[in-house]
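Below: the structure, in structure tokens.
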Amino acid sequence: SALHVLSSVQFRPLYFLVGSNHAETKYRVLKIDRTEPKDLVIIDDRHVYTQQEVRELLGRLDLGNRTKMGQKGSSGLFRAVSAFGVVGFVRFLEGYYIVLITKRRKMADIGGHAIYKIEDTNMIYIPNDSVRISHPDEARYLRIFQNVDLSSNFYFSYSYDLSHSLQYNLTVLRMPLEMLKSETTQTRQESFDIFEDEGLITQGGNGVFGISSEPYMKYVWNGELLDIIKNTVHRDWLLYIIHGFCGQSKLLIYGRPVYVTLIARRSSKFAGTRFLKRGANCEGDVANEVETEQILCDASVMSFTAGSYSSYVQVRGSVPLYWSQDISTMMPKPPITLDQADPFAHVAALHFDQMLQRFGSPIIVLNLVKEREKRKHERILSEELVAAVTYLNQFLPPEHTIIYIPWDMAKYTKSKLCNVLDRLNVIAESVVKKTGFFVNRPDSYCSILRPDEKWNELGGYVIPTGRLQTGVLRTNCVDCLDRTNTAQFMVGKCALAYQLYSLGLIDKPNLQFDTDAVRLFEELYEDHGDTLSLQYGGSQLVHRVKTYRKIAPWTQHSKDIMQTLSRYYSNAFSDADRQDSINLFLGVFHPTEGKPHLWELPTDFYLHHKNTMRLLPTRRSYTYWWTPEVIKHLPLPYDEVICAANLKKLVVKKFHKYEEEIDIHNEFFRPYELSSFDDTFCLAMTSSARDFMPKTVGIDPSPFTVRKPDETGKSVLGNKSNREEAVLQRKTAASAPPPPSEEAVSSSSEDDSGTDREEEGSVSQRSTPVKMTDLGDSAKVTENVVQPMKEVYGINLSDGLSDEDLSIYLRFVQLGQSQHKQDKSSQQFCSRCPDGVIKLTPISAFSQDNIYEVQPPKVDKKSTEIFHAHIQASQGIMQPLGKEDTSMYREYIRNRYL
């Protein structure tokens, strides 16, 4: 668990960072030397301080560094800034800067572990003014670095590893401790023991061991910024951030909350903008590579141990070849050129070897680029990719070959006879059956009693505690934006049905369009696609799921044109500056005195292709192109296999059993503190019941019921005047929840610009939907708002009851009254019966448990004694404490205050 709250205190010779855990019971202090003009000197004593010790330390520093002794008004140090984490340290041509997270916002919650989005950061120059050596180009490098907006879709978590999948976090990090202890103590030697006790007594049964893993650096974006301090400070100071998308929505199934979470991790290798980063580099890293994981969890149980969790992972990425597009021609679609001949598919082999190591087999390639064109354009990539996959497959074992699925999505979209999504659904079913998905619980008993044919054909790897996903789907088109997002949505929709079925929430692994569950999932995926498209292409999605379903409104065409123009403008005029910023932020380019500056380089090709600057030490075999250890453990991914190489990446830490990090309930709910509503309800997620379910009472509330277009819970506000919208908002203000901020609706700051929202209504204001036809004045609005009584209750209460209904009701009332008046002693027989009253004589004797009376539950002796002791305590009569209570209280006081 990383440090939650930081305070920076500075004075002339030193800069202090004081960090604490969430409960503010443990503190660490980091000392940074400010007298070095260009070097970074950091001292971490690795000591855990209490709150009192930190106050005394800062007090002594203040006393020893006052400018004039004896004057209370002049302090030797001051608090510079409060922060929530350290992004890292960076240096250009002068001294080092420290980047701190000063504002955060909670975006999701997984098993009690909060995921935050960076809202604001602060860069502080470390050396003081007396030793600063100024450089004329320092300010320009600083502007380029700050061009990477850290407040735009960068995420972090203090206690959950976002760089790994849920399957990795719940399987690898739960291996037996004895196995890890025997391996790691022999292979790992550090300046501090791997089994840290944090000042605790190692003897006795009070220790609880936890396992943490190194992050997967491919998806970490501040790895280069933390690299300089990684080996000198305690790991609690290291906070790794990812870039991409994170969204969470609540699916309410008859009151049972189910969280649907979507996490997209953008690769930091060969990262960049649309036309400037195409294909792959010499190490097998491809452009626009994003790993998307959908996590489903039953929110009624929070912990990973007792809760039900499921996840499915898929990947998008550019075609793994040496290819590019020349944007100097100022054409909307620049010609595709193959930069290097690669007859032995060397770069594709490196890329697929990485995927086999992380995901296992089978690797399924869904290629959506065009195959038939009048003039060869996209077909160049298809032909080369087919040749590469065919070459690589001839050396792999038959059961682990790469599955290649070519499908010209653009051709089928233009056809009036073919339904694109139906065909994609067939592909999605076959893909999910081959890869399977992860779930942390065994198959439910109902699926064993009523087995489903599709469920029995499901692939993956079955273990006693659940299922593992083996293999992954890799989807690509040319840009990996519009077509890819729709294909990934269809595969995710199919996987979501299997996930819901595995958790026992639906009786068949099948979901239909126009249900509340699919609409919620579609909105989540469109926010995901818009965010990724803005990061790589400079605009939102042009073609959406509704476009391929051919139900988009006619106004969507004009919006598509505007998005295309926005994308073209961004690619032509702003992508070069964005690429320079990414290269500087990720450490691809290091400013050096006496060498050309970043803006003087004609191209960054040599920065991303390391084999152009030096010869690589080893060259892979043309036939045995995979890593030998990877192929031995297939279909399981090598990264999740228990072996010596993977055990070196794990670290064991010892906690006390009463610490806050162990008790997830106290860590999450904080029952001993006053709670702030702003902190408790800061996560305003989309809900299927509030935002999608119709408000009419007579309709089935199930999120799996197919709705008509006019039954949706979204407001239909297309082409209404401002006056009419104001009337609507006044009418719905009393019942509608407060509208969240623009960022609370979508993690992208530009996702709510109006694209494809007319048919769904306003997203930024979650108001109660009102069905309107003609709003001439407020009287007509009132007529439409008040629904007919027959539609709400099923009958018209103003009409009189029929004689038959009235007699049935009277007999029911008299039956209830007679039951209450009946004497229990004379229940067996009744001599007098009033006229018109039905008297029932019980045939058999029942216990007190009936519809009117309940037999009191039996209470054991120990519970009775506890209750009596509780009553006596309220009257001031205290019971003597036992030995166990006394020892527990002493242990608590020792850990919290001593």
Side-chain angles (χ1 to χ4, degrees), residues 37-40 86-101 118 120-127 132-154 156 217-230 239-244 266-278 281 283 285 287-289 327 534-538 570-571 573-610 612-613:
K38 290 191 175 182
D39 294 331
L40 183 64
V86 179
V87 176
F89 297 82
V90 63
R91 175 182 175 271
F92 307 122
L93 296 171
E94 296 181 7
Y96 274 90
Y97 297 84
I98 181 173
V99 186
L100 298 174
I101 301 170
I118 298 177
D120 197 10
T121 56
N122 192 5
M123 284 187 71
I124 301 174
Y125 189 68
I126 294 176
R132 182 168 186 171
I133 304 173
S134 60
H135 195 282
D137 295 317
E138 179 76 9
R140 186 168 183 178
Y141 275 116
L142 184 61
R143 284 196 304 270
I144 294 174
F145 182 86
Q146 291 177 335
N147 221 6
V148 175
D149 187 7
L150 283 171
S151 64
S152 174
N153 311 120
F154 284 88
F156 68 93
M217 298 308 295
K218 185 175 186 177
Y219 298 113
V220 173
W221 276 64
N222 63 334
E224 188 69 24
L225 302 180
L226 293 175
D227 192 56
I228 191 170
I229 65 168
K230 189 162 127 181
L239 187 65
Y240 296 100
I241 64 174
I242 66 167
H243 184 37
R266 180 174 290 281
S267 172
S268 60
K269 309 294 183 184
F270 203 51
T273 53
R274 183 186 177 200
F275 284 126
L276 297 178
K277 285 293 162 284
R278 294 294 210 189
N281 64 3
E283 297 179 346
D285 302 309
N288 195 22
E289 183 175 4
I327 58 173
L534 277 166
Q535 293 166 6
Y536 183 66
S570 175
N571 300 153
F573 299 106
S574 62
D575 276 5
D577 293 335
R578 289 173 56 204
Q579 185 65 58
D580 287 345
S581 302
I582 292 172
N583 291 340
L584 187 62
F585 184 85
L586 293 176
V588 178
F589 176 85
H590 293 278
T592 308
E593 192 73 37
K595 290 189 177 181
H597 294 297
L598 179 61
W599 51 87
E600 296 175 351
L601 298 177
T603 178
D604 65 349
F605 180 85
Y606 307 100
L607 300 176
H608 291 274
H609 294 77
K610 297 179 181 178
T612 59
M613 305 300 290

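Please read all numbers here as calculations on a predicted model, not as lab measurements. For the numbers below, each heavy atom of this structure counts, side chains included, while hydrogens, waters and symmetry mates do not.
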Point-to-point distance, once rounded to the nearest 0.5 Å, from [atom1] of [X] to [atom2] of [Y]:
{"X": "Asp580", "Y": "Asp604", "atom1": "CG", "atom2": "CG", "result": "7.5 Å"}
{"X": "Lys230", "Y": "Glu224", "atom1": "NZ", "atom2": "CD", "result": "10.0 Å"}
{"X": "Asp120", "Y": "Asp149", "atom1": "CG", "atom2": "CG", "result": "9.0 Å"}
{"X": "Ile126", "Y": "Asp39", "atom1": "CD1", "atom2": "CG", "result": "11.5 Å"}
{"X": "Ile241", "Y": "Ile101", "atom1": "CD1", "atom2": "CD1", "result": "6.5 Å"}
{"X": "Leu93", "Y": "Thr592", "atom1": "CG", "atom2": "OG1", "result": "8.0 Å"}

Student check: side-chain heavy atoms of [X] and [Y] closer than 4.5 Å:
{"X": "Phe154", "Y": "Ile242", "value": "no"}
{"X": "Ile229", "Y": "Leu40", "value": "yes"}
{"X": "Lys610", "Y": "Asn281", "value": "no"}
{"X": "Asn583", "Y": "His608", "value": "yes"}
{"X": "Val90", "Y": "Phe145", "value": "yes"}
{"X": "Leu601", "Y": "Phe589", "value": "yes"}
{"X": "Arg140", "Y": "Trp599", "value": "yes"}
{"X": "Val220", "Y": "Ser268", "value": "no"}

Verdict with supporting geometry, Leu100 and Ile124, side-chain contact (heavy atoms from CB on, under 4.5 Å): CA-CA 8 Å; Leu100 298 174; Ile124 301 174; 3.9 Å; yes
message: Under 6.0 Å from the ring centre and within 45 degrees of the ring axis: does the NZ or CZ of Arg266 meet both conditions for the six-membered ring of Trp221?
response: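 Judged by the rule (NZ or CZ under 6.0 Å from the ring centre, within 45° of its axis), Arg266 is not positioned above Trp221.
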task: Please determine if Arg132 forms a cation-pi arrangement with Tyr125, meaning its NZ or CZ atom is less than 6.0 Å from the six-membered ring centre and no more than 45° off the ring axis.
output: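 Yes, cation above the ring, under 6.0 Å and within 45°.
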- request: Show your reasoning for whether salt bridge (charged side-chain N to carboxylate O under 4.0 Å, His left out) applies to Glu289 and Lys269.
  value: CA-CA 9 Å; Glu289 183 175 4; Lys269 309 294 183 184; over 6 Å; no
- request: Applying side-chain contact (heavy atoms from CB on, under 4.5 Å) between Met123 and each of Val87, Leu142, Leu150, report the one that passes.
  value: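 Result: among Val87, Leu142, Leu150, Leu142 is the only option passing the side-chain contact (heavy atoms from CB on, under 4.5 Å) with Met123.
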- request: Run through Asp137, Leu584, Ile144 and flag the one making a side-chain contact (heavy atoms from CB on, under 4.5 Å) with Pro591.
  value: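 That would be Leu584.
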query: Can any side-chain N or O of Tyr536 pair as donor or acceptor with the backbone N or O of Arg274 at less than 3.5 Å?
result: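 Yes; judged by distance alone, with no hydrogens or angles, the pair exists.
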- prompt: Counting distance only, does the side-chain N/O of Arg578 pair as donor-acceptor with the main-chain N or O of Gln535 below 3.5 Å?
  reply: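 Confirmed, Arg578 side chain pairs with Gln535 backbone.
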field: Ion pair check, Glu94 and Lys38, cut-off under 4.0 Å
entry: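 Looking at Lys38 together with Glu94, the answer is no, because their closest N to O distance does not fall below 4.0 Å.
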message: Does this structure show an ion pair linking Asp285 with Lys277, if we count only N-O contacts that are shorter than 4.0 Å?
response: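 Salt bridge flag = no for Lys277 with Asp285.
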Residues Val99, Val86; criterion side-chain contact (heavy atoms from CB on, under 4.5 Å); working and verdict: CA-CA 6 Å; Val99 186; Val86 179; over 6 Å; no
query: Just checking, is any N or O donor in the side chain of Glu593 or His135 under 3.5 Å from an acceptor N or O on the other one?
result: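 Yes.
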- prompt: Nearest heavy-atom pair of Leu226 and Leu239: which atoms, and what distance?
  reply: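 The pair with the smallest heavy-atom distance is CD1-O, 3.6 Å.
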task: Please report the shortest heavy-atom distance between Pro127 and Pro37, naming the atom on each side.
output: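 Scanning both residues, the minimum pair turns out to be CG-O, 3.8 Å.
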field: Between Tyr97 and Phe89, ring centroids under 6.0 Å
entry: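 Not under 6.0 Å, so no.
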- request: Examine Phe156 together with Tyr240 and report whether their ring centres are nearer than 6.0 Å.
  value: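 Here the rings of Tyr240 and Phe156 have centres that are no less than 6.0 Å from each other.
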- prompt: Would Phe270 and His609 satisfy ring pair (Phe, Tyr, Trp, His ring centres under 6.0 Å), going step by step from the backbone distance to the final call?
  reply: CA-CA 9 Å; Phe270 203 51; His609 294 77; 5.8 Å; yes
